[in-house]
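Quick notes on the structure that follows.
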Amino acid sequence: MSEKEKSKESSRRHFLKSGLAIGAGTVLGSSLFSACTNTCAQEVGGEEVEKIKLLTTEGKIVEVEKSKVYPIKPSEPAVGDAAKKGIPGRKFVMVIDLSKCANAGKCTTACQKGHNLQPDQEWMHVYLMKDNEYRDPYWFPKNCYHCDNPPCVKVCPVGATFKRTDGCVLIDADRCIGCKFCISACPYSARIFNWKEAAEKLNAEKEEHSPETSLPNQAGVVGKCDFCPDRSRKGELPYCVSSCPMGALYFGDINEDVISNGQETLRFKQTLEDKAGYRFLEELGTKPRVYYLPPVDRMFPYERGLKDLDETQKLKYKNVLDKS
Amino acid sequence: MINHKREKMETLNKTNLIEDFIPYIEKPNKRWYIMVFVLLALIGVGLYAFVYQVIYGHIVTGMRDYVVWGVYIVNFIFFLGLSYAGALIAGIFHLAGVQWGKPFHRILKIITITTLIIGPIYILLCIGRPDRLFNLFIYARIQSPITWDIIAIVTDMFFCIAYLYFIHIEDFAKLRDYKGLNVANWRKKLYRWLAIGYTGAKEQKKLLNQALNIMAAIIIPTSIIAYSLLAWLFGMNLRPGWHNSIFAPFFVLTAIYSGIALLIVVIWVYRKNSGLEKYFTEEHFNYLGFALIIFALFYGYFSFSEYITEWYNSQKTPSILLNKLWDLSEFGYLFLFSNIVASILPVIIIGIPKFRSINSITFVSVLVLIALWIKRYLIIVPTLETPYIPIQDSRLDWVHYSPTWVEWALTMSGVAFFVLIFILMTKFVPIVCVSEMEEKSHGIRFFYKTRK
């Protein structure tokens, strides 16, 4: 790392630290954040110092001089070793409401656009599932579950895939040797291989690879959903969440106990409690960070998801459609 | 068919056995050159396929997002299995002092080394970015089964090369001392250099013997551990069909089984050469044939035990997997072929005296080798096609794996490389460890001293 980059890095880190300490730094965006700010004036040594009350991420209310408070600019996506640390104070989580999904496919395409993927590379893949013969099939969006006990991270021989403090499991594509062991180790088929070069070159020569954006992508390495921590830094929701027309996908932070689909903001634990949230294949012990709300009181019949598909696309769901 | 006239194992305890092999070591004939040329051509095709794959990427293979490992990894398991088997059998023969196993010693060690070199090459072919291979050493993570495997293979290779060299030293000395050996000067020099001043003095002989004993003792556990680690490369994955505690012992058993089959094929080929029948007798084929039967029965037992446990409780994903194996439109024929040939055929063909002959035993061995290769294919491909979440993909060619010419070409050149090394080694040294044959036979070696 050059001297210049190092100073840039440390200033960024300092920036983050101070920003989060005073609690104004909501990385997730204003829609998720409900801080109680309260100003008051105090006289110190004849001079009036204006103070401000802020809520920290740990839930404490602190007082800070107003002149020392400055708004946080969205930080740049981390690169190199900094990307292995995770955004401090965060624990990202996703909740997918199966009663709302109608296979619009917008999550998949938005993700592909955002990560410069080929049309057949689906980091967000919508399955058609059928639990038993008496139940209708339902649509089941599946991305990487960012497990807390990730089988993929265990088997990586070079540490190219790693778990961060904010819950994300990311890939350092500069280090990945493409052995595909993680693909075979993942019980959820979340990982795919970059068989070809990226669809379009996004001035790839200049840009340094960031595991947070998964850009620029390279051929011969493994790729997967990255939970869009770069979007979180900017206060935006992941591509899939913000693009879902049904609002079926929620993204949030367990520390703050909030999840949002961009239209409504809910309490995470209460939502799981109320709607009997569960994790897929819990018995494997991988501890996913993606929760599902079961498909009760569905907003649409499952057939609606088939309406816009042509015959070849329907072929995809043959194994379930044949049975129903 | 039946050859009642049993060739008697000749007493080979005479000197100058090396003369039998001198014609093979001296100037090669035209046929030899043609064979080498053909094999080099096959390897050339493989190199072309390799360059093709490097230029156009892995998309030229049949591997896709679901079946990420294909024929390459099948070859990797297959060749490494032969390698560990060679080491293991040679070690056991040496330690137990199996007299009839003496002529195979060198063949087994050459099998070991050759396949140990070929196997890992296939792993490199699976890797998307071979240019970053050094990352495996720079950023090595001991938690990963791949790192275990690298350590095991490197260790094993080190021991096997040492062992291979030790069993050659005496013969190098013999070749060095052989008067009127009609070979190029550089080869004479090489023999002299490789013999490292061995003269057959008592002290030297004792040291060499000790070294061989130690190597034989080391190589047995090393091979078992190394092949178990390879099995855990799959067993450690949370996948129905792989996540199985029987995997490591089953892999080791399959490896020894395939090693015996290959040994039979190799000695059959050498027997075709004049002057070598007395080293590879019908007796040998009988012994190895019976070993084949025993391993076939064990193999059948392990297979049955594996499939019956998965089938009986009919869990969701394992049942889907088993149905694919039994479905004739998917893997049914391969499944039937591999299981019938590997677990029943040797028992019938070799077990019934009427069918037993050198040629039939060899024929069965070839079939067993093919069946065991298919078994590895059935371990890899159907399992990868059956993840926990059933594949839903409109690209049918992505769902079902079928190897492309690139993969077949590289497989062929792997086999060609194996044969080539054998041909070259036979040209360089006697294929049978002459010095060991000349040694006086002794009974079973005792590890303790009896009180007199």
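Per chain, numbering begins at 1; letters A, B, ... match sequence-line order.
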Counting only heavy atoms not in [X] (residues, nucleotides, ligands), do more than 12 fall under 6.0 Å from its [atom1]?
| X | atom1 | answer |
| --- | --- | --- |
| B:Tyr307 | OH | yes |
| A:Tyr278 | OH | yes |
| B:Tyr312 | OH | no |

So, do [X] and [Y] sit near enough that their side-chain heavy atoms are less than 4.5 Å apart?
| X | Y | result |
| --- | --- | --- |
| B:Met236 | A:Val155 | no |
| A:Phe181 | B:Trp69 | yes |
| A:Val221 | B:Arg129 | yes |
| A:Ser189 | B:Pro387 | yes |
| A:Val158 | B:Arg132 | no |

Please look at [X] and chain B and tell me whether the side chain, the backbone, both or neither of the residue comes under 4.5 angstrom of a heavy atom of that chain.
| X | result |
| --- | --- |
| A:Lys154 | backbone |
| A:Pro187 | both |
| A:Ala190 | neither |
| A:Ser184 | both |
| A:Asn194 | neither |
| A:Ile177 | both |

Determine the option with the most heavy-atom pairs under 4.5 angstrom with chain A, choosing from [options].
| options | value |
| --- | --- |
| B:Thr147, B:Ile59, B:Asn135 | B:Asn135 |
| B:Tyr139, B:Tyr388, B:Phe137 | B:Tyr139 |
| B:Gln143, B:Arg141, B:Gln392 | B:Gln392 |
| B:Asn237, B:Leu238, B:Leu136, B:Leu133 | B:Asn237 |
| B:Ile150, B:Ile123, B:Leu233 | B:Leu233 |

What parts of residues 128-144 of chain A touch chain B if we use heavy atoms and a cut-off under 4.5 Å?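 Answer by number: A:Leu128, A:Met129, A:Lys142.
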Look at the rings of A:Trp195 and B:Trp398 and say which category their plane angle falls in: under 30° parallel, 30 to 60° tilted, over 60° perpendicular.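 Ring orientation of A:Trp195 relative to B:Trp398: perpendicular.
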Looking at A:Gln313, A:Glu122, A:His125, which makes the most heavy-atom pairs under 4.5 Å with chain B?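 Answer, by heavy-atom pair count under 4.5 Å with chain B: A:His125.
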In terms of heavy-atom pairs under 4.5 Å with chain B, which of A:Thr312, A:Asn319, A:Leu315 leads?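 Result: the option with the highest number of such pairs is A:Asn319.
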Chain A contact via B:Tyr66 - side chain, backbone, both or neither, heavy atoms under 4.5 Å: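 B:Tyr66 touches chain A through side-chain heavy atoms alone.
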Need one label for B:Ile391: side chain, backbone, both or neither, based on atoms under 4.5 Å from any heavy atom in chain A.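 The answer is the backbone of B:Ile391.
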Using side chain to side chain contact (heavy atoms under 4.5 Å, CB included) as the criterion, point out the one residue from B:Ile127, B:Ile73, B:Val68 that pairs with A:Lys180.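 Among B:Ile127, B:Ile73, B:Val68, the one meeting side chain to side chain contact (heavy atoms under 4.5 Å, CB included) with A:Lys180 is B:Val68.
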Give, for atom CG of A:Leu281 and atom CD1 of B:Ile389, the distance between the pair rounded to the nearest 0.5 Å.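 Interatomic distance, A:Leu281 CG to B:Ile389 CD1, rounded to 0.5 Å: 6.5 Å.
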